[in-house]
Amino acid sequence: MGLPMASHLLKSGFRVKGFDISENALRSFADSGGTAYPDATEAASETDVLMLMVVNIDQAHQALFERGALANSTRASVVVLMSTCPPGEVEQLAEAVTARGHRFLDAPVSGGVAGARGASLSIMVAGDRQTYEMSRDLFDVLGSKIYYLGERPGQASVAKAVNQLLCGVHLAAAAEALSLAERAGLDTSTVLEIVSGSAAASWMLNDRGQRMLLEDPEVTSAVDIFVKDLGIVLAAGSSARAALPLASVAHQFFIAASGQGSGSADDSQVIRAYRGMTAGQKEAKK
């Protein structure tokens, strides 16, 4: 997601320097007019805003502190964490950043790769209001819906956890429904058309349903992303003393799909976990 986001900023006239662990992404970034660097420290040199689109909070710590990106940026630079991370750990990261004289915005996004490519992301932001207002131009380039959640970093990450709870449960429910149709011998394409146009429809069903019927669809978001994200949801629930039974069950199915070897497959392939539960010959009716 970071590559199309950086490309949109470039097209909007911002000077963008970038680092990515993927050499292909770095080449594509350079080809689009960006300045690519071999490490995060060099990329952060004389930079006012450090936007992080990383896999997890550990990568954020590595880039900012272990590789020295924060220390190499300008005085009072703004760190914008745009990944889905545990709210409590985001708060701790914010404290570590501000203790060094820099500013921090908790700004996770929703919309996936398609939203990043279309500059139509939903962006949830928490942190110092003045810093948010200063950074609003950046968010407007990347997203179509910007929400300010409050002064305390971590609040936006809680909102993202709520979003991911619904996404994960809806996705698991869609997979369960289509696996039932499949197991019962129905034409799954027809069933998908029926439910997609009925009260049973959801955004996740309409977006992922057709891909569930493909053997190896293009990966837009992997099964393992939901293993991570629903883990964050459950941790947020535990912190808030909120029972999340549906999220817990959905999490188990993503873990099962990952354990079956589908962790890097498109997240629609959580349906493989349901298929695995009913694999084998059906018992003949008497």
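Sequence positions, counted from 1, serve as the residue numbers for this chain.
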In sequence, state the C-alpha distance, the side-chain angles, and the governing distance for Leu93 and His61, and then conclude on side-chain contact (heavy atoms from CB on, under 4.5 Å). CA-CA 8 Å; Leu93 180 63; His61 277 280; 3.7 Å; yes
Backbone N or O of [Y] within a donor-acceptor pair of the [X] side chain at under 3.5 Å?
X      : Y      : answer
His251 : Val227 : yes
Arg103 : Thr131 : no
Ser45  : Glu42  : no
Asp106 : Gly154 : yes
Ser262 : Ala265 : no
Ser179 : Glu176 : yes
Asn24  : Arg27  : no
Ser198 : Ala200 : yes
Arg136 : Tyr132 : no
Ser268 : Arg208 : no

Measure the [atom1]-[atom2] distance between [X] and [Y] for me, rounded to the nearest 0.5 Å.
X      : Y      : atom1 : atom2 : answer
Met53  : Asp20  : CE    : CG    : 11.5 Å
Ser196 : Asn206 : OG    : CG    : 4.5 Å
Ile146 : Ser122 : CD1   : OG    : 8.0 Å
Lys145 : Ser120 : NZ    : OG    : 9.0 Å
Met51  : Leu9   : CE    : CG    : 6.0 Å
Leu81  : Leu50  : CG    : CG    : 11.5 Å

May I ask you to test the [X]-[Y] pair for a side-chain heavy-atom distance under 4.5 Å?
X      : Y      : answer
Phe104 : Glu95  : no
Leu171 : Met212 : yes
Tyr37  : Lys17  : yes
Met124 : Val109 : no
Ser239 : Pro87  : no
Val141 : Phe14  : yes
Ile232 : Gln164 : no
Gln269 : Ile271 : yes

Decide yes or no on side-chain contact (heavy atoms from CB on, under 4.5 Å) for Val219 and Ser264, but give the supporting numbers first. CA-CA 8 Å; Val219 179; Ser264 60; over 6 Å; no
Compare every heavy atom of [Y] with every heavy atom of [X], then report the nearest pair and how far apart it is.
X      : Y      : result
Leu70  : Ser77  : CD1-OG, 4.2 Å
Phe29  : Ala6   : CE1-CB, 3.7 Å
Val54  : Ala60  : CG2-N, 4.0 Å
Glu215 : Arg272 : O-NH2, 3.0 Å
Ala126 : Gln155 : CB-CB, 4.0 Å
Ala43  : Phe19  : CB-CB, 4.1 Å

Pair Asp266-Thr220, side-chain hydrogen bond (donor to acceptor under 3.5 Å, both in side chains): steps then yes or no: CA-CA 6 Å; Asp266 185 71; Thr220 59; 3.2 Å; yes
I would like to know whether Leu142 and Met82 meet side-chain contact (heavy atoms from CB on, under 4.5 Å); could you show each step before the answer? CA-CA 11 Å; Leu142 302 174; Met82 308 195 76; 4.2 Å; yes
Does Val78 form a side-chain contact (heavy atoms from CB on, under 4.5 Å) with Leu105? I'd like the steps, not just the answer. CA-CA 7 Å; Val78 182; Leu105 290 175; 4.3 Å; yes
Is it the case that atom [atom1] in [X] sees more than 12 heavy atoms from other parts of the structure closer than 6.0 Å?
X      : atom1 : result
Arg117 : CZ    : no
Gln62  : CD    : yes
Glu133 : CD    : yes
Leu214 : CG    : yes

Give a yes or no on whether [X] and [Y] share a hydrophobic cluster (residues Ile, Leu, Val, Met, Phe, Trp, Tyr; joining criterion: side-chain heavy atoms under 4.5 Å apart).
X      : Y      : value
Val80  : Val16  : yes
Tyr274 : Leu246 : yes
Met134 : Ile123 : no
Leu230 : Ile255 : yes
Leu165 : Leu149 : no

